[in-house]
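Comments concern the structure below.
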Amino acid sequence: MRCTSGARLSTEITSGRIQVNGVDLHYQRTGSGEHAVLLLPGALGSSQTDFGPQLKLLDKKAFTVIGWDPRGYGRSIPPARDYPEDFFSRDATDAVNLMQALHFKRFSLLGWSDGGITALVAAGSYPLLINKLIVWGANAYVTEEDLALYNAVKDVSKWSPGMRKPLEDLYGINYLTSTFSTWVDAMTNIFQKFDGNICRHLLPLISCPTLIIHGMKDPMVPLFHPQFLHQQVKKSRLHLMPEGKHNLHLRYSEEFNKLVEDFLCSA
């Protein structure tokens with residue numbers, strides 16, 4: 001899909017709520033382009049905390065950008081967040097149904113971390129609806145090495161202030177602490193009960209062009225995860241950012257946004 005060229009429009013970022021699958025989901029919207037894009041945040045993330053530079057700076061004439069807060073995250077509370085065994089599939093269905101409720105017939109997905117996993121599940125489960133897919137900081141399965149990384153940061157009081165404060169401000173310390181601890185337990189359950197599989201079985205079903213971005217200094221996602229995604233997703237390419245960490249789209253937002261725009265606008 002080629003994007004319309006021209007000057008960027010200075011459109012505002014608006015907020016809304018819409019009921020999807022029995023839950024009032026909060027979303028943000030900006031831009032007026034024909035190419036619809038959904039931003040999917042990471043664990044305990046939200047549109048506002050996870051995607052500021054993308055909402056502000058992605059080409060607003062080429063894209064209509066939607067950022068959402070999954071159920072139990074951000075401003076999509078209530079309900080409180082929980083983690084049933086199928087929570088990634090539930091989030092993927094919520095995300096797709098949200099875009100349908102907003103009257104987008106086809107759309108692209110940009111998913112970070114847990115949001116990247118949700119995007120992979122959505123692209124494998126609803127291939128006819130997904131135009132293009134971009135993921136970073138995502139994995140299709142959980143290993144013992146991953147669990148060790150998760151448990152090392154399970155105690156949020158040990159997080160850096162820069163990482164903890166935005167989420168503390170959003171949720172309060174009690175909700176943040178209990179919810180993240182429950183997330184680590186949920187990932188442990190996936191490892192123990194499902195041999196670590198999250199969405200390995202869906203990767204061959206992804207038919208859209210896919211860009212996998214990986215920060216070589218990501219402390220949370222070992223390199224073998226994006227390499228596996230690249231091997232399994234047939235129309236994918238892997239882009240490595242030598243200095244990128246887990247939040248590469250925030251730390252190197254200008255470089256990241258250009259990668260996104262070039263990929264989404266390519267034929």
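Side chains are part of it too, since the values below use all heavy atoms of this structure and drop only hydrogens, waters and symmetry mates. All residue numbers in this chain count up from 1 along the given sequence.
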#### Entry: side chain to side chain contact (heavy atoms under 4.5 Å, CB included) involving A80 - partner list, sequence neighbours excluded
Y175

#### Entry: Heavy-atom donor-acceptor pair, D155 side chain to S157 backbone, under 3.5 Å
yes

### Query
With sequence neighbours excluded, what pairs up with D94 under the salt bridge (charged side-chain N to carboxylate O under 4.0 Å, His left out) test?
R71

### Message
Please check: side-chain N/O of T210 versus main-chain N/O of I206, any donor-acceptor pairing under 3.5 Å?
### Response
no

### Query
Under the side chain to side chain donor-acceptor pair (under 3.5 Å) test, which residues partner T177, sequence neighbours left out?
none

#### Entry: Listed once per pair and sorted, the side-chain hydrogen bond (donor to acceptor under 3.5 Å, both in side chains) pairs that draw on residues 40-51, sequence neighbours left out
Q28-S47, S46-T49

### Query
Does any pair with a residue in residues 194-227 pass ring pair (Phe, Tyr, Trp, His ring centres under 6.0 Å), and if so which ones, sequence neighbours excluded?
Y141-H225

### Query
For residues S253 and K56, is any side-chain donor paired with an opposing acceptor at under 3.5 Å?
no

### Query
Can a donor-acceptor pair be found between the side chains of D114 and W183 at a distance below 3.5 Å?
yes

### Message
Can you list everything that forms a side chain to side chain donor-acceptor pair (under 3.5 Å) with S76? Sequence neighbours excluded, please.
### Response
none

### Message
Can you see whether Y27 has R17 sitting over its ring - NZ or CZ less than 6.0 Å from the centre and within 45° of the normal?
### Response
no

### Query
Is there a donor-acceptor pair under 3.5 Å between the side chain of T64 and the backbone N or O of G33?
yes

### Query
Quick one: do the W68 and H26 side chains pair a donor with an acceptor below 3.5 Å?
no

### Message
Please determine whether salt bridge (charged side-chain N to carboxylate O under 4.0 Å, His left out) holds for the pair R75 and D24, giving the CA-CA distance in whole Å, both sets of side-chain angles, and the decisive distance to 0.1 Å.
### Response
CA-CA 9 Å; R75 294 169 65 186; D24 284 330; over 6 Å; no

#### Entry: side chain to side chain contact (heavy atoms under 4.5 Å, CB included) against Q192, all qualifying residues, sequence neighbours excluded
T188

#### Entry: Any residue meeting side chain to side chain contact (heavy atoms under 4.5 Å, CB included) with R164, in chain and number order, not counting sequence neighbours
W159, E168, L176

### Task
Kindly confirm or rule out a cation-pi arrangement of K132 over F263, judged by NZ or CZ under 6.0 Å from the six-membered ring centre and within 45° of its axis?
yes

### Query
Is there a path from I13 to L102 through hydrophobic residues (I, L, V, M, F, W, Y) whose side chains come within less than 4.5 Å of each other?
no

### Query
With Y126, which residues qualify under side chain to side chain contact (heavy atoms under 4.5 Å, CB included), at least two apart?
T93, V96, L129

#### Entry: Partner set under salt bridge (charged side-chain N to carboxylate O under 4.0 Å, His left out) for K165, not counting sequence neighbours
D169

### Query
Taking atom types as modelled, is there a side-chain donor on S32 or K61 under 3.5 Å from an acceptor on the other?
no

### Summary
The salt bridge (charged side-chain N to carboxylate O under 4.0 Å, His left out) partners of E85 (sequence neighbours excluded) come to K193

### Task
Report the residues that fulfil salt bridge (charged side-chain N to carboxylate O under 4.0 Å, His left out) with E243, sequence neighbours left out, ordered by chain and then residue number.
K217

### Query
Is any side-chain heavy atom of M99 less than 4.5 Å from a side-chain heavy atom of I66?
yes

